[in-house]
Structure formats: C-alpha cells, structure tokens
Visitor: 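Below is one structure. I have some questions about it.
Each chain gets a letter, A, B and so on, in the order the sequences are listed, and its residues count up from 1.
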There are 2 protein chains.
Amino acid sequence: MGRSQPGKDGNWTIYDIARLAGVSAKTVSRVVNGEAGVGPETRARIEKIIEEVQYQPHIGARSMRHRTRDCLGVAISLPVNEAPVNQDFLLWIFQEIYRLFLCRGYFAVWDMNPPKLGETLDYARTLWQQRCGGLAVIGPLAINDTTIHRVHASGCPYITLGRLDSLPEVSFAAVNLEEGAYVSTKYLLNRGHKNIGMLKSFRGFQPSVERRRGYLRALEEAGLPPTEKYMRPVSFDTRDIVNAVHRLLIDPAVTAIIECSGCEDAPAIREGARRAGRVPGKDFEIVCWTYTSDGMVMSEACAHVWLPVKEAAAEGFELLAQWFAGEREGPIQLLYRPTLHEIITGKEISKPLRLFEMLS
Amino acid sequence: MGRSQPGKDGNWTIYDIARLAGVSAKTVSRVVNGEAGVGPETRARIEKIIEEVQYQPHIGARSMRHRTRDCLGVAISLPVNEAPVNQDFLLWIFQEIYRLFLCRGYFAVWDMNPPKLGETLDYARTLWQQRCGGLAVIGPLAINDTTIHRVHASGCPYITLGRLDSLPEVSFAAVNLEEGAYVSTKYLLNRGHKNIGMLKSFRGFQPSVERRRGYLRALEEAGLPPTEKYMRPVSFDTRDIVNAVHRLLIDPAVTAIIECSGCEDAPAIREGARRAGRVPGKDFEIVCWTYTSDGMVMSEACAHVWLPVKEAAAEGFELLAQWFAGEREGPIQLLYRPTLHEIITGKEISKPLRLFEMLS
DNA sequence: CTGTTAGCGCGTTCAC
DNA sequence: GTGAACGCGCTAACAG
C-alpha cells in the first residue's frame with residue numbers, strides 16, 4: 001500500500017501512477033483507456049500499480065476533453081411539490097433507470113429541484129454542467145418550455161414523456177392524449193350525452209392542450225358547439241376535484257363526466273357527486289382514465305380508457321439506452337394509443353400517493 | 001439569443017461570457033461565484049449575458065480546483081441482485097435523499113453496480129472519480145470491506161447503515177443488532193427454552209457477526225454452552241427459509257426460533273413448521289424481528305423485536321446533510337436500540353418485495 | 001475594482 | 001513503443 005503518497009487531497013493522479021511505474025503519463029493513459037501502443041510487460045506493471053492503489057481517473061479532467069458518456073441525467077420538468085408524480089410511478093422510473101443504465105455500469109445523476117429561470121424552469125442543469133451525457137425528463141412539459149429546445153439542440157441522447165407543440169421533433173415516448181380525450185368524448189356522445197364535463201388538469205402544460213383538442217374535435221364531429229365551460233381545470237388536490245365535480249353536476253344539463261385528471265381519485269368523484277345530489281351510473285355517467293391495464297379506478301364508470309403511459313415509457317427508456325450506447329440515433333418518437341374498455345374485471349385500485357405527500 | 005457562437009460543442013465557456021461582456025474571465029468567475037470585487041454595473045451586465053445565453057459553469061473544470069460539494073453519491077455496498085434491499089426501503093431512501101439533498105438544490109449520483117475488485121467491491125467510484133463530495137452507502141458492509149476504510153480516510157462526509165468491526169470510527173446510523181439478538185435470546189431463555197434456533201442471514205457481512213455475538217452472549221450468561229448448530233445461515237430466498245425452519249424444527253430439542261433473517265416472510269416460516277409437523281405458538285415459540293413500529297410480521301409470534309432501522313437512518317441522513325453543508329463535523333455515530341414487544345396490535349404485514357424481484 | 005498567470009488531471013498531437 | 005508539449009474551463013494567487 002501507499003508506495004508513495006498520492007496528491008495532497010488523497011487522490012492519485014495519472015502522474016503518480018506514471019512516476020511509480022517509471023513511465024510517462026501518456027503511457028498510463030493508454031493503459032487506462034485500453035489503447036494499443038504499450039508493451040505487454042509495461043502494461044502489466046502499470047495495471048498492477050493501478051490495482052494496488054486503486055487509481056481511478058478524475059472524471060472532471062476527462063470531461064474536459066470529451067463529453068461524459070457514462071452517466072445519465074434524470075430530471076423532473078417541474079418542482080416536485082407541484083408534480084403529478086406519484087410514488088409508484090417514481091419507483092417504477094427508478095427501476096427502469098436501474099435496469100437499463102445502473103445495471104450496465106452507468107451512473108445516474110438526479111436533479112429534482114430545477115431553478116426557476118424567468119418564465120420557465122431549467123431542469124437540464126446536469127447537462128449544461130456536463131455532469132452527464134444524456135437526459136431523461138420526467139413529468140409534463142410546460143407549453144412555453146424552452147429548456148427542451150436547448151436539450152434537443154445539444155444533440156445528446158434524451159427523452160421526454162410527452163410531446164410538445166412547439167417542438168415536433170422532440171424525442172418522446174408517450175400516449176396520444178388527444179385520442180384519449182376524443183374516444184372518451186365520442187363514446188359518451190354515442191350514448192346520447194350532449195353536455196359532457198371534463199376534469200382537465202395540468203393547466204399550462206402540454207397534456208392539457210391535447211385533452212382539450214380531442215374533446216373539441218369529438219364535439220365538432222358530432223356537430224355540437226364547443227362547450228369550453230364544461231372543461232374544468234383542476235389541480236391535483238382532492239378538494240379541488242370534489243369541488244369541480246360538484247360544480248359540474250349541479251348543472252342538470254350535464255349528464256356525463258370524463259375523469260382524465262390523472263388523479264385516480266374515485267372517492268373525490270363520489271363525494272363531488274354526492275354533494276350535487278347525483279348518483280353515478282344512474283343520474284349521470286363517467287368515463288375514467290386509468291394507467292394500469294388490469295386496474296379499475298372506479299367501479300361505477302361506464303367505461304375505462306387505459307393510457308399505456310408506463311408501457312410507452314418503458315420502450316422509450318429502452319431506446320434511450322440504445323441511443324446512449326451509440327447503437328442507434330435519435331430522436332425517439334413513440335406514440336402509444338389509448339384503449340377504451342367497457343368492462344373491467346378486477347378490483348378497484350386506490351388513489352396513489354403523490355411524491356410530496358410522502359414527506360413528513 | 002446567440003449574440004456570438006458558443007464553443008464548437010455548443011457549450012458556453014467563461015471566456016465566451018467574458019468576451020461578450022468585454023471583461024476578463026476572472027471577473028465573470030467572480031460574478032458566477034458571488035464574490036466581491038466587481039462593480040455593480042459590470043456585475044449587472046455580466047449577469048444579464050449569463051441569463052441570456054443561460055451559461056452554466058463546467059462542473060468538470062470546477063472540480064479540478066476543489067472538491068465538488070454540490071452532489072451526493074448514493075452507493076450500494078453489494079450487487080443489487082444479492083442485496084436484501086426491498087422496494088419500500090429503496091423508495092424510502094429515495095425520499096430521504098430527495099427531502100434532504102435534492103430539495104435543497106443538491107444533485108445525487110447513483111451507483112448501483114459496484115465492480116468487483118478482488119475480494120471486495122468498490123462501491124465508491126463516484127467518490128474516487130470526483131463526481132461527488134459525499135457518500136451514502138446503502139446495504140450491509142462485508143466483514144472484509146476495505147472500501148469504507150478508504151472512504152473514511154478521504155475525510156469526506158459519508159454515512160453507512162451499519163457498523164464495522166474493522167473500523168470502529170466508521171460513520172454510521174444503525175440499530176444495535178447485537179442487542180437485538182441478545183434480548184431475543186434472553187427472552188426465550190426466560191420462558192424456559194434451552195435450544196433456540198436462529199435464522200441468520202447476511203453471511204459474510206457485519207450484521208451476521210452482530211447477531212451471532214448477541215445470541216452467544218445470552219447463552220453464556222445463562223450458563224448454557226454455545227450451540228452454534230442452531231444458528232442456521234440462510235439466504236433471502238424463500239425456499240431457503242422454508243428449509244432452514246424445517247431442518248431446525250425436525251429436531252425435537254428445538255423449542256423456539258428467532259426469526260431475524262430480515263426477510264419478514266411469515267408464510268415461509270409457517271411452511272417450514274408445517275413440514276416439520278410443528279405448530280407455532282403451540283409446539284414451539286417464535287420471536288420475530290420487524291422493521292416497522294406498528295406492524296407485525298407474524299401473528300403467531302410470542303414477541304416481536306422492533307429494529308428502528310429507518311428511524312436511525314433518517315436521523316443519520318439528517319446529520320449527513322448537516323455535515324455535507326459544513327454545519328457539523330463527522331463521523332456520525334448513531335446507534336439506536338431495538339425494542340421487544342410481547343403484544344402487537346394491528347394487522348400482519350406482508351412480505352416485502354426485494355428490489356430485483358421487481359425486474360421483469 | 002479588475003486583469004494576468006499559472007496550474008488543476010487528463011487526452012491529443014506530434015515527435016522521437 | 002513511448003514521451004513532451006499543449007490545451008480543455010475554471011479559479012487561486014498575485015499584480016496593477
């Protein structure tokens with residue numbers, strides 16, 4: 001051990017190894033990077049020393065010569081306490097990152113607290129600071145997002161979990177929410193409903209735009225006027241959902257609701273209906289969006305629309321891993337389609353906890 | 001917008017900003033780092049440009065001048081597919097890291113695939129490579145661990161979730177497992193048992209040593225010979241637990257079992273007992289270790305020993321955050337005590353999934 | 001208040 | 001097959 005002393009901060013440099021081996025730094029560099037041009041016995045001697053002192057190259061110095069390619073950045077596109085990210089989804093993301101990147105010896109840097117920069121958030125600091133050579137962006141993109149434009153322009157491998165109108169070339173793996181809203185609305189129109197309420201969350205974000213678009217398209221096709229007033233913006237707060245449902249159903253004209261808030265909060269819907277004196281499945285009908293293929297958010301719903309968000313993301317991450325490894329090019333453009341099920345077997349799933357709710 | 005072009009790789013450097021502002025690089029550096037010595041209007045001008053081009057300093061270049069202090073490394077002390085890390089625990093760890101580090105604007109690099117280096121594993125690559133300025137080590141330490149010695153010697157803030165005989169000064173937040181084994185054994189001795197089985201997992205790791213020590217101490221105090229044969233090493237595999245219980249109980253002399261495998265796998269215990277033709281609570285007695293204060297692993301147990309592992313870790317992470325922020329010194333030495341409960345109310349908890357079991 | 005110089009640890013270029 | 005010199009982007013020490 002310690003055949004000499006490493007640098008003052010306790011870390012060995014390539015020069016320390018070179019000195020110990022009686023060669024130049026460049027030769028050590030060649031060995032470390034598995035390059036040719038080193039005699040076998042010299043190589044063996046150097047490798048032995050590296051092993052002995054457990055030398056590891058300084059990533060900072062390396063990253064000054066070329067972009068780091070062994071670390072993926074994981075970022076969230078908005079502050080977590082505003083994010084519709086639930087515990088299960090985040091753990092699931094972690095699994096995917098683990099399976100596709102960490103397991104393969106890559107590192108992953110997380111940045112979950114993007115600073116506000118004027119109107120938008122800079123969630124790609126890990127990239128700008130060259131901590132990583134690729135980025136996975138979790139969460140919905142803001143309509144006026146500019147960060148993703150810069151990420152895209154950087155040419156590095158990246159993926160988002162949603163499209164963005166202002167950047168059609170964006171790399172994404174997502175579900176067609178416009179179609180989800182369209183089939184939901186059309187289904188209810190076909191059942192004779194004329195005034196259909198919608199719980200529309202993600203205000204200011206792309207998902208909100210897509211829901212609106214699908215809803216209006218279905219109405220238009222049916223020759224009905226666009227009734228924006230039945231699209232109620234909601235937050236992820238339970239009380240907000242209760243109020244929104246209450247307000248919608250207090251209007252006797254409203255005979256159906258599309259629950260696409262992303263909250264999967266059946267009790268809140270029921271409470272809102274109760275306050276309005278309405279009975280789901282009797283007084284009015286509900287179409288519920290769900291994110292698991294075998295789960296049911298609400299047993300009273302007349303139909304469920306399954307959004308294969310995880311399935312899209314899983315394939316997206318897979319492709320990102322390939323892109324990251326240089327086995328394919330980007331961008332990734334993966335659009336899964338939602339499916340409407342009239343009958344769902346299995347038990348009702350309970351409302352997932354959002355990430356910030358875990359915090360004491 | 002591009003008032004000039006950034007470097008060829010699309011990233012702005014401090015020199016680009018300096019050129020645009022008509023000042024020297026050092027002045028820009030002062031502004032970026034909030035140092036004094038820059039005139040207010042010069043500072044404003046520079047800040048404006050930085051904002052415009054969204055300049056971010058190159059972390060690699062920075063880390064060559066001084067140790068990175070804005071990123072925590074999170075490492076696992078053994079390959080995840082061998083790790084007794086369950087889903088809930090890992091998500092919980094993530095929460096803590098989120099709450100104490102990510103929320104405060106720090107980054108976190110994960111390394112979950114430490115390479116084997118001879119006998120031991122090098123789980124601190126993120127540290128050696130200067131990706132981070134502190135380390136949280138998840139998982140049990142191997143008896144012959146040398147990596148943690150180097151981490152300790154580096155002087156950086158770090159924490160482990162267990163002690164290590166070979167390094168008494170180690171920074172840790174853990175539960176006294178020796179005491180857990182001692183009180184478990186003593187309790188059963190007091191109830192008249194003479195031959196007490198123990199499911200001892202983590203072979204080759206420190207927790208195993210501590211369990212053994214407490215077990216033997218209790219026997220010794222009671223004037224009984226050390227019966228190592230009743231301490232059965234088990235893995236985290238259900239079949240292994242079943243077999244171990246079976247083998248123990250097939251011996252009629254064995255009238256009690258301490259379930260401290262860490263598996264929380266009641267069905268496996270029951271199956272093992274069934275195969276041996278024994279009935280828990282009737283033929284023999286069980287003391288079960290548990291990791292939640294309000295949960296019960298097995299209703300047939302005559303006592304539960306609660307190991308406040310999370311509670312210890314939570315306080316440990318808190319102190320790590322302080323150490324990381326320079327608000328206190330290390331090492332952290334936090335030893336929580338287990339508690340034996342004869343009566344537990346509440347429902348039985350189900351066996352947690354281990355991390356690798358999530359993977360498809 | 002501001003600029004110059006040097007050097008952090010590494011990889012690249014080119015010479016030996 | 002090997003090494004010397006340079007420069008990556010940044011900051012500490014020192015000038016002015």
Visitor: Just checking B:Ser63: base, sugar-phosphate only, or nothing, at a heavy-atom cut-off of under 4.0 Å?
Guide: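 B:Ser63: no heavy atom of the nucleic acid under 4.0 Å.
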Visitor: Closest nucleotide of DNA chain C for A:Val32 versus for B:Gly37: which of these residues is on the 5' side?
Guide: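 On the 5' side of the pair lies B:Gly37.
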Visitor: Starting from C1' on D:dT11, measure out to CE on A:Met64 and report it in whole angstrom.
Guide: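 After rounding, the gap between these two atoms is 11 Å.
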Visitor: Quickly work out the B:His66 NE2 to D:dC10 P distance and round it to whole Å.
Guide: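 Whole-Å distance recorded here is 12 Å.
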Visitor: With a 4.0 Å cut-off on N to O distance, would you call B:Arg163 and B:Glu169 a salt bridge?
Guide: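 No, B:Arg163 and B:Glu169 are not salt-bridged.
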Visitor: Would B:Phe101 and B:Phe317 count as a close aromatic pair, with their ring centres under 6.0 Å?
Guide: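 No, they do not, as the ring centres are separated by 6.0 Å or more.
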Visitor: Can you see whether B:Gln54 engages A:Arg150 through a side-chain donor-acceptor pair at a distance of less than 3.5 angstrom?
Guide: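 A pair is found: one side chain offers a donor N or O, the other an acceptor, under 3.5 Å apart.
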Visitor: Within this structure, what is the CD1-to-P distance between A:Ile14 and C:dG7, rounded to whole angstrom?
Guide: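 Those two atoms, CD1 and P, are 19 Å apart.
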Visitor: Would you kindly give the CD-to-P distance between B:Gln129 and C:dC10, to the nearest whole Å?
Guide: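 Distance check: B:Gln129 CD to C:dC10 P gives 11 Å.
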Visitor: Please report the distance, rounded to the nearest Å, between CD1 in B:Ile59 and C1' in D:dT11.
Guide: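 It works out to 13 Å between those atoms.
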Visitor: In this structure, how many angstroms lie between the C1' atom of C:dT2 and the CD atom of B:Glu35, rounded?
Guide: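 For the pair B:Glu35 CD and C:dT2 C1', the rounded distance is 13 Å.
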Visitor: Starting from P on D:dG1, measure out to CD1 on A:Ile46 and report it in whole angstrom.
Guide: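 It works out to 14 Å between those atoms.
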Visitor: Side chain to side chain contact (heavy atoms under 4.5 Å, CB included) for B:Phe107 and B:Cys132? Distances and angles first, verdict last.
Guide: CA-CA 9 Å; B:Phe107 302 91; B:Cys132 57; over 6 Å; no
Visitor: State whether the side chain of B:Gln333 and the backbone N or O of B:Pro168 hold a donor-acceptor pair below 3.5 Å, judged by distance alone.
Guide: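 Checked: pair present.
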Visitor: Pick the nucleotide of DNA chain C nearest each of B:Ala61 and B:Thr42; which residue has the one closer to the 5' end?
Guide: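 That would be B:Thr42.
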Visitor: Distance check needed: D:dG9 P versus A:Gln130 CD, whole Å only.
Guide: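 Rounded to the whole Å, the gap is 8 Å.
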Visitor: For C:dG9, does OP1 or OP2 lie under 4.0 Å from any side-chain N or O of A:Tyr55?
Guide: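 No, no such contact exists.
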Visitor: Filter on side-chain hydrogen bond (donor to acceptor under 3.5 Å, both in side chains), then keep only pairs touching residues 100-112 of chain A, sequence neighbours left out; what's left?
Guide: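 Non-adjacent pairs meeting side-chain hydrogen bond (donor to acceptor under 3.5 Å, both in side chains): A:Asp111-A:Arg125.
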Visitor: When you measure from the side-chain N and O atoms of A:Arg62 to the phosphate of C:dG11, is any distance below 4.0 Å, counting only OP1 and OP2?
Guide: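 Affirmative; the distance criterion is met.
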Visitor: To the nearest 0.5 Å, what is the distance between CZ (B:Arg19) and CD1 (B:Ile14)?
Guide: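 Going from CZ on B:Arg19 over to CD1 on B:Ile14, the span is 13.0 Å.
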Visitor: Just to confirm, is there a sub-4.0 Å distance from OP1 or OP2 of D:dG9 to any side-chain nitrogen or oxygen of B:Asn11?
Guide: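 So the side-chain polar atoms of B:Asn11 never come under 4.0 Å of the phosphate oxygens OP1 or OP2 of D:dG9.
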Visitor: Produce the list of close N/O pairs, under 3.5 Å, pairing protein atoms with atoms of nucleotides 3-7 of chain D; give distances to one decimal.
Guide:
| unit_1 | atom_1 | unit_2 | atom_2 | d |
| --- | --- | --- | --- | --- |
| D:dG3 | OP2 | A:Ser24 | N | 2.9 |
| D:dG3 | OP2 | A:Ser24 | OG | 3.2 |
| D:dG3 | OP2 | A:Thr27 | OG1 | 2.5 |
| D:dG3 | N7 | A:Arg30 | NH2 | 2.9 |
| D:dG7 | N2 | A:Arg65 | NE | 3.0 |

